[in-house]
Participant: 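Here it is, the structure, as structure tokens.
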Amino acid sequence: MSGNPFEYDAAPNLDPQRLLDWYIEDGNYSRFMRSTKNVIVNGERGSGKSMTLIYHSLKYIWQRTGSDAQPQFDGHLGVYIPCNTPLSSKEEYRLLDAIEQVRVSEANLALSIVSNIAREFSTSTSLLSEDEKVDLAAEFAFLLESNPPTASVSCPFLYLTRETHKKIREIQKNLNVGRWDGRSSSESFSTLILPIIQAIRRTAPFANVHISLLIDDVQDLNPYQQRLVNSWLGFRDHSAFSIKLAVVGLRNYNFETAYGGAILEGHDYVAVHLQRPIQNNQSEFGQFAREVVRKRLLNVGISTTPEEFFPVSSHFVSRLETAKTKAEAEALARDMVPGTKPFNDFVYKQKRAYYFRDRHAKANKPQYTGFDTLNHLSTGIIRNLLQPCYFMYEQQMARGKGAKPARIEPETQNDVVRVESDKLWEFISQNLERRLTNCSSEDGQRIHRLFIRLAEYFRERLMRHASEPRVVTFIVSERDHPKWPDVERLLELAERAQVLYVRPGTAKKGGGREDYYSPNRMLWPRYGLDAVGQHGRASLRARDLWDAAFNNVALELAGEDSDLSQGSLF
Amino acid sequence: MAKILVLVASWDSRFLAGARTTIEAGGLTAVHCISSLRYSSHTQGDRDQLDQICEGHGVEILHAKIDFDDQVETLSGISGWLELSGISAQDDVIFDISTCPRNVLWLMLSCLKAKISDCSIRYFPAMSYDSWFTNDEGDPRLIFNNSGVMYPDLPTCLVMMCGPEIGRAEKMFYRFEPRRAIIIRDIHAPDYGVVANISQPMGAAIQEVIIDNKDISDSNVQRVVDLIAPLSAEFNVVCSSFGPKLGAVILYKAAQKLDEMALSYLPSGIHNMVPSSGMQPPQDQRLTL
């Protein structure tokens, strides 16, 4: 990896020390991850799910402690179990009858988990006494119904890996030639995983340690395996172990158990949402992002604050001040009293709108600078913050002839943001069907048209809307329209492509929940929109969205529901 | 001993033209025509013409319509056809793969193995190809009976025989997020599947190798085997073929030697109804199943 502090890569690919250098201990999430509770971690790709799990795994506890010292478990350690493996793509189980499909699915899942337990603990063998090594190996042999090791066991976990791999290979080879005898397979949660955890906890170094099974990308498991995992979440005794799942898109996750019931938030698990909807500097994400950047800068010897490293353009500050003066004048003209809440609210909402509106036809486009703006452009996904920062750093270094930058000049920030915005639009216009499965070229074109019309709508709103000009999030009304399923499908594709983020929110009408749709804010610089946005949602009709996507019809301000959904100021 | 032509119906003109060429060459006892249930109406006309050609040459014809979309149904359909086909170890089977989808090709070779020890692979290259073949691809699938052995704690290595459509290779990257990838490019077309055009999410180490992707001889297959074999100890190896169909046969042969590697297929939602034009003379090679 280069010396750029904003390198980004999938957590499992990172060098352990690099992951530790970059990880931010978030007080809230660490508390849950180290608890005995079951947790479901929800977040889009790039939101830090895998890193959150991996950081709490045994391997990384060792890494934090250092090789010469006894690792400090603090009564808790984790076993990282990735599910995004080709094993999850094998479908031979579908050739079996229904009962055997469940049995072989559980066998594969149980062996996968045991294989990862073995991998995780293999580096901890030095903590065990010789008797403990022998006892563990014997226990593993008994549980796997394999031949006990004949020689003295230097590492019972390597033995466990070897025997588990043998079982995995045997099952798959048999299935590949149509031979499967469920009577000879007994691998399950209760016959394998639980006894192995209990055996490990009987050893002195791990006595009474709580073990979390950190299962990543659960959505990649087959339907039977997902239901089995859900069933395990219902296990009441959390003294020995708990389960932490990471899911992309909890909204669409199937909560059914293998026994026909369903798991319930609060009762069976705690949900942690890594994508935060609000990105200002007082928000959770704002503070988290600040810590991420601050730590990354410190790692390369830069001690300035993120705000100093990514300064706002002085030109923008000056123009915003002018816009604020104009907003104050307008508020006075509307008989609002200075210092009162209506006056302050009006100025707060309108000053940025005036900046973006009142640009001379020959003026340059709006400037996108400052750490706060970068936070908003990320739409609450940490990787979306790191990516432009990476390119800004590279460009600033190039401009400084290779010298380490003391800060990223506003001009550099703005240039990179414009390029990133263009790249994202190019991705939508040309590459969606290349990247996404089950997305035709026609789907790609429709999504492109829809997003252009959305951008034009938000721009029109910025220019003309009286009370909520800077809204860049929408909800969909009239979902009973027959065209809604077509629109919904396009929105799902856009969400998978991460050009759109969806989160549940409170419905204005009649309470309940509804989906809030937030296009990736990096799209907006091309259209001169305010990436900071504003609380509130535009209400767009399903049929109008369909017309925009399929017939390239503009979304009219007059076409939305008259009851504009308004959020609170903060 | 019967001489049997097995082929898969298609809207591609090589289906009927190739069948006509083989039938008119003489010696055939029967033609077995496998067709897709979903695209039945698209191939009806050419299948009717095939019936007439067979009748005119005194060749028996057997049709089998199979669901090519659901792998369980595909395997069941192929197995059912094979049971009814009467094909036995003494028969001389010519398998025209020119218009055969790769998932069907692999499953058919696996099933034929139970009946015969070898067959003739016939491939009619087109005179020219359109710029695209498929669109709206679905999630990659590992092929039944050839899905290898996948370990839960090993990283993934993709091995892909790439054609001009980079999109399919990209989807493999996004699904499997490999730590490493080997792109096998066509020795005859140096710009085929240029790696630089592949965007991928996590910066896998990509290696380009040039191997003839139309030569199914043992020596050429051994080159592929030698490339893949050392990877199995460290990686789950998943292989795909996106170039000429003969490349799929090469990977099939390699999979018979390396039973831990997986064959993977990307199902297509939309097909170009005029993917090629013209037809060159057939390339025939003997395949030991």
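Within every chain, numbering begins at 1; the chains are lettered A, B, ... in the order of the sequence lines, protein sequences first and strands thereafter. What you see below is based on every heavy atom in this structure, not just the backbone, and it leaves out hydrogens, waters and symmetry mates.
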Participant: Passes side chain to side chain contact (heavy atoms under 4.5 Å, CB included), A:N84 versus B:R175? Steps please.
Facilitator: CA-CA 8 Å; A:N84 181 17; B:R175 168 61 186 91; 2.8 Å; yes
Participant: Look at the side chain of A:E91 and the backbone N and O of B:F144, then say whether any donor-acceptor pair between them is shorter than 3.5 Å.
Facilitator: no
Participant: Specify which of B:V149, B:L154, B:D259, B:I143 makes the most heavy-atom pairs with chain A at under 4.5 Å.
Facilitator: B:V149
Participant: Contact part of A:I171 toward chain B, heavy-atom cut-off under 4.5 Å: side chain, backbone, both or neither?
Facilitator: neither
Participant: Let me confirm one number: the CE-CG distance from B:M150 to A:N108, rounded to the nearest 0.5 Å.
Facilitator: 12.0 Å
Participant: Taking heavy atoms only and a threshold strictly under 4.5 Å, list by residue number the residues of residues 226-239 of chain B that touch chain A; give 'none' if the list is empty.
Facilitator: B:N236, B:V238
Participant: Look at A:R119, A:E433, A:E442 and state which one has the largest set of heavy-atom pairs under 4.5 Å with chain B.
Facilitator: A:E433
Participant: Is it the backbone or the side chain of A:T161 that comes under 4.5 Å from a heavy atom of chain B, or both, or neither?
Facilitator: side chain
Participant: Would you say A:T437 and B:K171 are linked by a side-chain donor-acceptor pair, where the criterion is simply a distance under 3.5 Å?
Facilitator: no
Participant: To the closest 0.5 Å, what do you measure between CD (A:Q172) and CD (B:E260)?
Facilitator: 8.5 Å
Participant: If you count heavy-atom pairs under 4.5 Å between each of B:P155, B:P140, B:G148 and chain A, which one has the most?
Facilitator: B:G148
Participant: Are the side chain of B:D153 and the backbone N or O of A:S112 linked by a donor-acceptor pair below 3.5 Å?
Facilitator: no
Participant: Examine whether an atom of B:L75 lies under 4.5 Å from a heavy atom of chain A, and if so say whether it belongs to the side chain, the backbone or both; otherwise answer neither.
Facilitator: side chain
Participant: Is any side-chain heavy atom of A:L436 closer than 4.5 Å to a side-chain heavy atom of B:E137?
Facilitator: no
Participant: Which pair of heavy atoms, one from B:F176 and one from A:S89, lies closest together, and at what distance?
Facilitator: CE2-OG, 3.7 Å
Participant: Can you confirm whether more than 12 heavy atoms, excluding those of B:K253, are under 6.0 Å from its NZ atom?
Facilitator: yes
Participant: Minimum heavy-atom separation for A:I168 and B:P152, please, with both atom names.
Facilitator: CD1-CD, 3.5 Å
Participant: I need the minimum non-hydrogen distance between A:E92 and B:N145, along with the two atoms involved.
Facilitator: OE2-N, 3.4 Å
Participant: Given 3.5 Å as the limit, does a donor-acceptor pair link the side chain of A:K90 with the main chain of B:S147, or not?
Facilitator: yes
Participant: With a 4.5 Å cut-off on side-chain heavy atoms, are A:T85 and B:T156 touching?
Facilitator: no
Participant: To the nearest 0.5 Å, what is the distance between NE2 (A:H165) and OH (B:Y151)?
Facilitator: 6.5 Å
Participant: Check each atom of A:R94 against the heavy atoms of chain B and say whether the ones under 4.5 Å are side chain, backbone, both or neither.
Facilitator: both
Participant: Are A:R434 and B:R168 close enough that some pair of their side-chain heavy atoms sits under 4.5 Å apart?
Facilitator: no
